[in-house]
Amino acid sequence: MDRQVIALLKPTLQVQFNWTDVGYSNIVLAFQFAYGAGLLFVGKLIDRLGTRRGFSLAVFLWSIAAMAHAAAGSIFQFAIARFSLGLGESGSFPASVKAVSEWYPKRERALATGIFNSGTNIGAMVTPLVVPWLTYRFGWRMAFIATGALGFIWVLCWLSLYRLPEEDSRVSAPELAHIRSDRQNHETDHETTVPWQTLLAQPQTWAIALGKFFTDPIWWVYLFWMPDFLSRNLRLNLAGMRLPLFVIYTGASIGSISGGWLSSSLLKRGWTLNASRKTALLACALAVTPIVIAARTTDAWLAILLIALAAGAHQGWSANLYTLASDMFPRSIVGFVVGFASAAGAIGGMLVAKAVGYILQGTGSYVAVFLLAGSAYLVALGFIQGLSPRLKPAQV
């Protein structure tokens, strides 16, 4: 929700503050720069603090930053708020994937990741319903304050509920044995310190990082530019975007869970880890390609459904790509690997954010943007296959 609010309010704020597309892209860029920079160190920080404390600290900080948008009145001030939000949010996925590696055996991790990842889509579905009402009734500043404040409630719930399986009194001995059932030797319970140069020398690290570099920017396009597409191409106002965005992010949520379910299901049927994960990745990559039609069609609902399919495919891809980190690296350094890979994705996102701003300001068309989106996943899968053809554990 905290990421989506500014995208939904872009048409409103663009009129009020006279933003250009390039000016808005600078606000997006500030978030992605901070998000990427934070990911370079936050993974190791979460590995050191532990998932419970590290995740709660991240959400606490980004909730303050989300509310701070209400005090902004210029592109520079919005950029400062987005920068702070990006730093806080950089802890989200390293902590989430680490939590999955702590609580699930490998054969269940992709599905578990798909389920938690679908939360981003649920937030994006709820936001178009809540933000217009808050904006029309109380003004756009209250939209940032109200949605940002929800994070503090989450922190209280997380601190009261989350423990390691070994420390949770509700976990029985059989359940603990199930959690540990397919743990490999490299998935030790002991903390492991691995130098940066060792991790960066592993092709598995770069397989995940390049997978994120090429495909994360596409999700940023959906998140930060989709309301603009609906306004520019389909002539929808703030209220008219509710149903289309609900459909798009419903598709994303379904895709997240389905993509995780697919590889987990194939594993349970006896497929190898390599075949299961890459089959799911290929299916998702192919499902994105029809999005190129969305920028050219005059049928509004065809465009919306194609974007929903692509968003769902991205989230299914993402669920499996995140899981590769816990497939190939020890639990104690999963946070760092996910952080580094997500930083690569944020760098790609910064480059694409500027490119989209200039493309739209120069052409007024999303054709080139969607062509990029349709091909990015197949390119990424080629790098993953080349760098990690068998998904072997990293030698760390």
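Just so we're clear, the structure is a prediction, and the values are computed from it rather than from any experiment.
- No side-chain heavy atom of Asp228 sits under 4.5 Å from any side-chain heavy atom of Tyr24.
- Residues Leu321 and Phe93 share a hydrophobic cluster, clusters being chains of Ile/Leu/Val/Met/Phe/Trp/Tyr side chains in contact below 4.5 Å.
- A donor-acceptor distance shorter than 3.5 angstrom exists from the side chain of Thr250 to the backbone of Phe246, with no hydrogens or angles considered.
- Between the Ser256 side chain and the Gly114 main chain, a donor and an acceptor come within less than 3.5 Å of each other.
- The main-chain N or O of Ala294 is never found under 3.5 Å from a side-chain atom of Thr297 such that the two would form a donor-acceptor pair.
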Chi angles and distances behind the side chain to side chain contact (heavy atoms under 4.5 Å, CB included) call for His69, Val5: CA-CA 10 Å; His69 285 67; Val5 174; over 6 Å; no
Side chains of residues 368-379: which donor-acceptor pairs under 3.5 Å do they make with residues two or more places apart or in other chains?
unit_1, atom_1, unit_2, atom_2, d
Ser375, OG, Leu371, O, 3.2
Ser375, OG, Leu372, O, 3.3
Tyr377, OH, His314, ND1, 2.6

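- At distances below 3.5 Å, not a single donor-acceptor pair connects side-chain atoms of Ser342 with backbone N or O atoms of Leu39.
- Of the inter-residue distances, the one linking Leu309 atom CG with Cys284 atom SG reads 10.0 Å to the nearest 0.5 angstrom.
- When every heavy atom of Ile333 is checked against every heavy atom of Asp47, the shortest pair comes out as CA-OD2, 3.5 Å.
- Within the 4.5 Å cutoff, the side chain of Leu267 has heavy atoms near those of the Leu273 side chain.
- Residue pairs meeting the side-chain hydrogen bond (donor to acceptor under 3.5 Å, both in side chains) criterion with at least one partner in residues 386-395, sequence neighbours excluded, are absent.
- Leu85 and Trp154 fall within the same hydrophobic cluster, defined by Ile, Leu, Val, Met, Phe, Trp and Tyr side-chain heavy atoms under 4.5 Å apart, directly or through other members.
- Side-chain contact check for Ile347 versus Met350: some heavy-atom pair is nearer than 4.5 Å.
- With contacts defined as side-chain heavy-atom distances shorter than 4.5 Å, the pair Tyr162/Ser56 does not qualify.
- At least one side-chain heavy atom of Met328 sits less than 4.5 Å from a side-chain heavy atom of Ile208.
- Applying the side chain to side chain contact (heavy atoms under 4.5 Å, CB included) test to Leu266 and every residue at least two apart in sequence or in another chain returns Leu262, Trp271, Ser276, Thr279.
- To the nearest 0.5 Å, the span separating CD1 on Ile122 from CG on Asn117 amounts to 10.5 Å.
- Contact check for Phe76 versus Asn26: no side-chain heavy atoms found under the 4.5 Å cut-off.
- Both Ile64 and Met142 are members of a single hydrophobic cluster when ILVMFWY side chains are connected at heavy-atom separations under 4.5 Å.
- Between the side chain of Gln4 and the main chain of Thr127, no donor-acceptor pair closer than 3.5 Å is present.
- The CD1 atom of Ile248 sits 11.5 Å away from atom CE of Met125, with the distance rounded to the nearest 0.5 Å.
- Looking at every heavy atom in both residues, Pro217 comes nearest to Gly348 through CG-C, 3.2 Å.
- One finds a salt bridge joining Glu166 and Arg180 here, because a Lys/Arg side-chain nitrogen approaches an Asp/Glu carboxylate oxygen to under 4.0 Å.
- Between the side chain of Asn320 and the main chain of Gly259, a donor-acceptor pair closer than 3.5 Å is present.
- Within the 3.5 Å criterion, the main-chain N or O of Ala30 finds no donor-acceptor partner in the side chain of Arg82.
- No donor-acceptor pair closer than 3.5 Å links the side chain of Thr205 to the backbone N or O of Ala201.
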In sequence, state the C-alpha distance, the side-chain angles, and the governing distance for Arg52 and Glu167, and then conclude on side chain to side chain contact (heavy atoms under 4.5 Å, CB included). CA-CA 12 Å; Arg52 182 172 180 268; Glu167 299 171 359; over 6 Å; no
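- Closest non-hydrogen pair, Ala143 versus Val131, comes out as CB-CG1, 4.0 Å.
- Cluster membership check: Val247 shares its hydrophobic cluster with Trp219, using side-chain heavy-atom separations under 4.5 Å among Ile, Leu, Val, Met, Phe, Trp and Tyr.
- Pairing each heavy atom of Ala325 with each of Val338, the nearest pair is CB-CG2, 3.7 Å.
- Two residues are said to be in side-chain contact when any heavy atoms from C-beta on lie closer than 4.5 Å; Leu8 and Leu245 meet this criterion.
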What's the verdict on side chain to side chain donor-acceptor pair (under 3.5 Å) for Thr12 and Trp140, showing C-alpha distance, side-chain angles and the deciding distance? CA-CA 9 Å; Thr12 301; Trp140 63 265; over 6 Å; no
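- Nearest heavy-atom pair across Val367 and Arg296 is CG1-NH2, 3.6 Å.
- Interatomic distance, NZ of Lys10 versus CD1 of Ile27, reported as 9.5 Å (0.5 Å rounding).
- The aromatic ring centres of Phe152 and Phe60 sit less than 6.0 Å apart.
- Atom CD in Gln32 sits 9.5 Å away from atom CG in Asp216 (nearest 0.5 Å).
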Could you give me the CA-CA distance, side-chain angles and deciding distance for Arg163 and Val171, then say whether side chain to side chain contact (heavy atoms under 4.5 Å, CB included) is met? CA-CA 10 Å; Arg163 299 289 188 281; Val171 177; over 6 Å; no
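- Put simply, the side chain of Trp220 reaches to within 4.5 Å of the side chain of Phe31, judged on heavy atoms.
- Although no hydrogens or angles enter the test, the distance criterion places a donor-acceptor pair under 3.5 Å between the side chain of Arg141 and the main chain of Ala72.
- Between the side chains of Gln315 and Tyr222, no donor-acceptor pair is found at a separation under 3.5 Å.
- Under the 30°/60° scheme for interplanar angles, the aromatic rings of Phe336 and Phe340 are found to lie parallel.
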Could you please spell out the steps behind the side chain to side chain contact (heavy atoms under 4.5 Å, CB included) verdict for Trp62 and Ser92? CA-CA 10 Å; Trp62 98 50; Ser92 178; 3.9 Å; yes
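- In the hydrophobic clustering of this structure, Tyr358 does not group with Tyr366; members are Ile, Leu, Val, Met, Phe, Trp, Tyr whose side-chain heavy atoms approach within less than 4.5 Å, directly or through other members.
- Ring pair Phe78/Trp19 is perpendicular by interplanar angle, where above 60° counts as perpendicular and below 30° as parallel.
- For the pair Phe55 and Ala95, the tightest heavy-atom approach, listed with the atom from each and the gap, is CG-CB, 3.5 Å.
- Atom CG in Asp2 sits 6.0 Å away from atom OG in Ser63 (nearest 0.5 Å).
- Proximity of a side-chain donor or acceptor of Trp103 to a complementary backbone N or O of Ile179 within less than 3.5 Å is not detected.
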